[in-house]
Each structure stands twice: as C-alpha cells, then as structure tokens.
Amino acid sequence: MNRFFLLLGLAIMAFAQNDFLEKWSSELANVAQKWANTCRKGHNPGRSSREFGSVGENIYRRTDQAHANDVVNAWYTEKRQYDFGSNSCSGVCGHYTQVVWADSEAVGCGVAYCRNLFGGRGGYNYVCNYGPAGNWVGRRPYIAGRQCSRCPSGYRRCYSGLCSR
C-alpha cells in the first residue's frame, strides 16, 4: 500500500523525468512514448521491459492538453467502483488498481498529439507504463495496514508515510 502513494504522488507531479525522481524509468517512458506516438486505440500488445518483463499500462485520451494531475486523477476516480474488502469492481477499476498496485516500483509516461482521435478533431494520447505489471486476477492491489509497516527489502526509509530507498 505504501508504494502506491509514492507512485500516485509522483505521477501527479508531471510527465517529466525530473518530477518522478526515484521511481521514473526511462525505459518504461520510452515504451509508453512509442505507443502514444502510434495513436492506435487500445493497449500496446507488445509492451515489455528488459528490467521488468511484462508491464502494466494505463491510457487516457482527451481533446485538450491535460496536466498530469488530471490524467492520474481520472484513473484514480475509479476507486469509487472498487471494493477492497471483497476485492471486486462494480464498473471500471483497472486503471485505479494499476495506479495503486503495491508491487509496481517504477513508472514511465509519454504523450502524443494525434490528429485521428475524436472523429478527426484530434486530441492527446497519454500512456503510462508500470513495472512490474499489476492487476493480477484475484489479487488485491495492496495490503491494508500501517504505513511503512511492510516495506520490501531494500526500502530502508519511511518518507512521508511511504517506503523509500
């Protein structure tokens, strides 16, 4: 649960490497940017990483340019449809659960303007990749508990309630 706050907080800052600091992955950003540039609908079927293997992916599209806050908040609002107790979803929750997936350690994002979106009016294609991938069927995205109480090996500090290296 602790790393999800870090990923969310970092993703909210901006789509720029310097804003993501420790958790930014240039490799994941490259994968995300290449897919964003294709302007194709749907997820990248070939998304993978040397470091993480299979990676998770969230996509967001809109006609005008968005700040990263808006993009991540759009995914995060799916929380309303997710029930942690029963680990069930009453609608669309996959973007939210990927954003908060505790085992994901790195994120990389890209954005491209695509003329073919929205019936030819054009728009922006935002893509973020997460490594390792989350959203495994039957698994909860995080373990409930006290902040920093279950930091994984190599995470020695608790910074603002988040596991940190």
**Q** Hey, does Asn58 have a side-chain heavy atom less than 4.5 Å from the side chain of Cys109?
**A**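 A side-chain contact under 4.5 Å is absent here.
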**Q** For Arg140 and Gly85, indicate whether the former's side chain and the latter's backbone hold a donor-acceptor pair under 3.5 Å.
**A**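 Checked: pair present.
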**Q** Just verifying a value: how many Å separate Arg61 CZ and Asn125 CG, rounded to the nearest 0.5 Å?
**A**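 Taking CZ in Arg61 and CG in Asn125, the distance rounds to 4.0 Å.
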**Q** Not counting sequence neighbours, which residues clear ring pair (Phe, Tyr, Trp, His ring centres under 6.0 Å) with Tyr82? List them please.
**A**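 Expected list: Tyr96.
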**Q** Which residues satisfy the side chain to side chain donor-acceptor pair (under 3.5 Å) test with Glu57, sequence neighbours excluded?
**A**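 Result, side chain to side chain donor-acceptor pair (under 3.5 Å) vs Glu57: His43, Asn129.
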**Q** Kindly compute the distance separating CZ (Arg157) from SG (Cys148), expressed to the nearest 0.5 Å.
**A**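 That separation rounds to 10.5 Å.
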**Q** Can you check whether Val55's main-chain N or O pairs, donor with acceptor, with Arg47's side chain at less than 3.5 Å?
**A**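 Between the backbone of Val55 and the side chain of Arg47 there is a qualifying donor-acceptor contact (under 3.5 Å).
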**Q** Looking only at atom types and distance, does a side-chain atom of Asn73 sit under 3.5 Å from a main-chain N or O of Asn69, one as donor and one as acceptor?
**A**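 Between the backbone of Asn69 and the side chain of Asn73 there is a qualifying donor-acceptor contact (under 3.5 Å).
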**Q** Can you check whether Ala66's main-chain N or O pairs, donor with acceptor, with Tyr126's side chain at less than 3.5 Å?
**A**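 Confirmed, Tyr126 side chain pairs with Ala66 backbone.
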**Q** For Tyr124, enumerate each residue passing the ring pair (Phe, Tyr, Trp, His ring centres under 6.0 Å) test, keeping only those at least two apart in sequence or located in another chain.
**A**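 Partners of Tyr124 under the ring pair (Phe, Tyr, Trp, His ring centres under 6.0 Å) test: Tyr113.
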**Q** So, using side chain to side chain contact (heavy atoms under 4.5 Å, CB included) as the criterion, who are the partners of Arg121 when residues are at least two apart?
**A**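 In terms of side chain to side chain contact (heavy atoms under 4.5 Å, CB included), with neighbours along the sequence ignored, Arg121 is linked to Thr63, Phe118.
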**Q** Using side chain to side chain contact (heavy atoms under 4.5 Å, CB included) as the criterion, list what pairs up with Ser54, not counting sequence neighbours.
**A**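 Scan of Ser54 (side chain to side chain contact (heavy atoms under 4.5 Å, CB included), adjacent residues dropped) gives Ala133.
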**Q** For the residue pair Pro132 and Trp101, establish whether any side-chain heavy-atom pair is separated by less than 4.5 Å.
**A**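 Heavy-atom side-chain distance check fails, nothing below 4.5 Å.
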**Q** Does anything in residues 33-43 form a salt bridge (Lys or Arg N to Asp or Glu O under 4.0 Å)? List the pairs, not counting sequence neighbours.
**A**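 Pairs touching residues 33-43 that pass the test: none.
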**Q** Same cluster or not: Val107 versus Tyr60, using hydrophobic residues (I, L, V, M, F, W, Y) connected whenever any side-chain heavy atoms lie under 4.5 Å apart?
**A**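 In one cluster with Val107: Tyr60, yes.
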**Q** Scan for disulfide bond (SG atoms under 2.5 Å apart) pairs involving residues 69-107, sequence neighbours excluded, and state none if there are none.
**A**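 Every disulfide bond (SG atoms under 2.5 Å apart) pair that includes a residue of residues 69-107, provided the two are not neighbours, is Cys89-Cys93.
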**Q** Would Tyr130 and Val71 show up in the same hydrophobic cluster when neighbours are defined by side-chain heavy atoms closer than 4.5 Å?
**A**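 Hydrophobic grouping puts Tyr130 with Val71.
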**Q** Taking atom SG of Cys128 and atom CD1 of Ile59, what is their separation to the nearest 0.5 Å?
**A**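 Taking SG in Cys128 and CD1 in Ile59, the distance rounds to 10.0 Å.
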**Q** Please report the shortest heavy-atom distance between Ala32 and Gly110, naming the atom on each side.
**A**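 For Ala32 versus Gly110, the nearest heavy atoms are CB-N, 3.7 Å.
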**Q** Will you find, in the side chains of Glu51 and Ser25, an N or O donor that is under 3.5 Å from an N or O acceptor?
**A**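 Side-chain D/A pair, Glu51 to Ser25: absent.
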**Q** Just jot down the side chain to side chain donor-acceptor pair (under 3.5 Å) partners of Arg139, sequence neighbours excluded, or say none.
**A**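 With sequence neighbours excluded, Arg139 shows a side chain to side chain donor-acceptor pair (under 3.5 Å) to Asp103, given in chain and number order.
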**Q** List in chain and number order the residues that pass side chain to side chain donor-acceptor pair (under 3.5 Å) with Ser86, two or more places apart in sequence or in another chain; answer none if no residue qualifies.
**A**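 So Ser86 forms a side chain to side chain donor-acceptor pair (under 3.5 Å) with Asp83, Ser88.
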**Q** Only counting residues at least two apart or in another chain, list the ones meeting salt bridge (charged side-chain N to carboxylate O under 4.0 Å, His left out) with Arg50.
**A**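 Checked Arg50 against salt bridge (charged side-chain N to carboxylate O under 4.0 Å, His left out); matches are Glu27.
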**Q** Go through the structure and list residues passing side chain to side chain donor-acceptor pair (under 3.5 Å) with Asn116, not counting sequence neighbours.
**A**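 Result, side chain to side chain donor-acceptor pair (under 3.5 Å) vs Asn116: none returned.
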**Q** Taking all atoms of both residues into account, what is the closest heavy-atom pair of Phe52 and Ser49, and its distance?
**A**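 Answer, listing the atom of Phe52 first, then Ser49: N-OG, 3.1 Å.
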**Q** Please test Phe84 against Tyr142 for ring pair (Phe, Tyr, Trp, His ring centres under 6.0 Å), starting from the C-alpha separation and ending with a verdict.
**A** CA-CA 9 Å; Phe84 182 81; Tyr142 53 86; 4.8 Å; yes
**Q** How close do Arg150 and Ile143 get, counting heavy atoms only, and between which atoms?
**A**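 Distance-wise, the nearest heavy atoms are NH1-CG2, 3.3 Å.
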**Q** What pairs of residues pass the disulfide bond (SG atoms under 2.5 Å apart) test when at least one of them lies in residues 43-75, not counting sequence neighbours?
**A**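 Checked against disulfide bond (SG atoms under 2.5 Å apart) - neighbours excluded - no pair reaches residues 43-75.
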**Q** Val111 and Val127: side-chain contact (heavy atoms from CB on, under 4.5 Å), yes or no, with the steps?
**A** CA-CA 6 Å; Val111 60; Val127 178; over 6 Å; no
**Q** Between OG1 of Thr38 and CD of Gln33, what distance do you get to the nearest 0.5 Å?
**A**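 Reported to 0.5 Å precision, the distance equals 10.5 Å.
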